[in-house]
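Here the structure is laid out as structure tokens; the discussion comes afterwards.
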2 protein chains.
Amino acid sequence: MRAFLNLSRALADQARVRALLALERRALCVCQITALLGLAPSTVSKHLSILHQAGLVETRKTGRWIYYSRPRAAAPMARQALAWARRSLTDHPRVAEDARRLQQILRCEPAKLCQRQDRS
Amino acid sequence: MRAFLNLSRALADQARVRALLALERRALCVCQITALLGLAPSTVSKHLSILHQAGLVETRKTGRWIYYSRPRAAAPMARQALAWARRSLTDHPRVAEDARRLQQILRCEPAKLCQRQDRS
DNA sequence: GAAGTATTTCGTTATTTGGCGAAATATAAA
DNA sequence: TTTATATTTCGCCAAATAACGAAATACTTC
């Protein structure tokens, strides 16, 4: 029950759902997700920790960046939650818009994300 | 997105999830759910209205009772949410305990629910 | 019509949540 | 070592949420 409520609460916020779906395609570091959502880094960090605690994302540390991604082996409950979210929202305009904007961000949002160096 | 968030928020509270799963087997009126959850009637009413607005339950009025039940034809998104909750929680001790207690309540919880008359 | 029961609505209160900025932490670059 | 960047933690505030009791509403029964 605790695990279920952690999942449903994690999915009960638009910013978290947007971040989660953005991570469906590829791993992203916090500053990329921050650029996508347009929220303060501390806020995004909090959102991501909630997704992480629910088991909906996993983290990998690379240099001074922390990449969030879909978990390699999620619990069935989390996988089902993710499948539900994906099926429910892939056609949603906001999500499609995010996918497009994310391409631009990945093409190196000028003056904001281009200080990076080696990031694989 | 609005619909999805209505669903995830509806599932993000333990009392609502317990009520929802209790309704899987049979329709129940508000006072029966109130007896099950042990909350104030006004609180239960509010919870049920949230489930209703999310499309997870439907209502049928019978005399002075209002029966809540699983919807006859729910939207795909709601059906999937319900399936997720059911699969995730049917084995949970709290839910099993609720199912047992509900049997007692239906056998007419003394002094509290026996004022009823014709209820089909 | 009066009284009683079931439910909802309203107003209040305590808690949680989501947001921010500042400070702390960690790593890389100069 | 100093500086810069990425991220998290902390403290604060505003808004949303869950709980209750009282009052309003709807329907039955007397």
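Keep in mind the model is a prediction, meaning the values are calculated, not measured. Reminder, nothing fancy here: chain letters follow the sequence lines and each chain counts from 1.
Residue Lys61(B) places at least one side-chain N or O closer than 4.0 Å to OP1 or OP2 of dC27(D). A sub-4.0 Å separation between OP1 or OP2 of dT17(D) and a side-chain N or O of His47(B) is absent. The shortest distance between the side-chain N/O atoms of Thr43(B) and the OP1/OP2 oxygens of dC20(D) is below 4.0 Å. Phosphate contact (OP1/OP2 of dG18(C), side-chain N/O of Arg16(A), threshold under 4.0 Å): present. A close approach under 4.0 Å does occur between a side-chain nitrogen or oxygen of Tyr68(B) and OP1 or OP2 of dT8(C).
Look at CG on Asp13(B): it is 13 Å from C1' on dA16(D), rounded to the nearest Å. Between Ile33(A) atom CD1 and dT8(D) atom P the separation is 9 Å, expressed in whole Å. We find that CD of Gln14(A) is positioned 12 Å from P of dG18(C), with the value rounded to whole Å. For the pair Ile50(B) CD1 and dA16(D) C1', the computed distance is 11 Å after rounding to whole Å. Distance Leu5(B) CG to dA16(D) C1': 14 Å, rounded to the nearest Å. Atom C1' of nucleotide dA18(D) and atom CZ of Arg9(A) are separated by 12 Å, given to the nearest angstrom. Remark: C1' of dG19(C) and CG of Leu37(A) are 13 Å apart, rounded to the nearest angstrom. A straight line from CH2 of Trp65(B) to C1' of dA26(D) spans 13 Å, rounded to a whole angstrom.
Checking side-chain atoms of Glu58(A) against main-chain N and O of Arg72(A) turns up a donor-acceptor pair under 3.5 Å. No side-chain donor-acceptor contact under 3.5 Å links Arg16(B) to the backbone of Ile50(B). Not one N or O on the side chain of Ser45(A) forms a donor-acceptor pair closer than 3.5 Å with the backbone of Pro41(A).
Out of dG21(C), dT5(C), dT8(D), the shortest distance to the side chain of Pro41(A) is found at dT8(D). Checked against dT28(D), dC20(C), dT8(C), the side chain of Leu39(A) finds its nearest nucleotide in dC20(C). Closest to the Ser45(A) side chain, of the nucleotides dT7(D), dT8(D), dG21(D), is dT8(D). Checked against dG21(C), dT27(C), dA6(C), the side chain of Arg64(B) finds its nearest nucleotide in dA6(C).
The distance from atom CG of Asp13(B) to atom CZ of Arg18(B), rounded to the nearest 0.5 Å, is 10.0 Å.
The residue among Val44(A) and Val30(B) whose nearest nucleotide of DNA chain C lies closer to the 5′ end is Val30(B).
The two residues Leu11(B) and Ser8(A) make their nearest non-hydrogen contact at O-OG, 2.9 Å.
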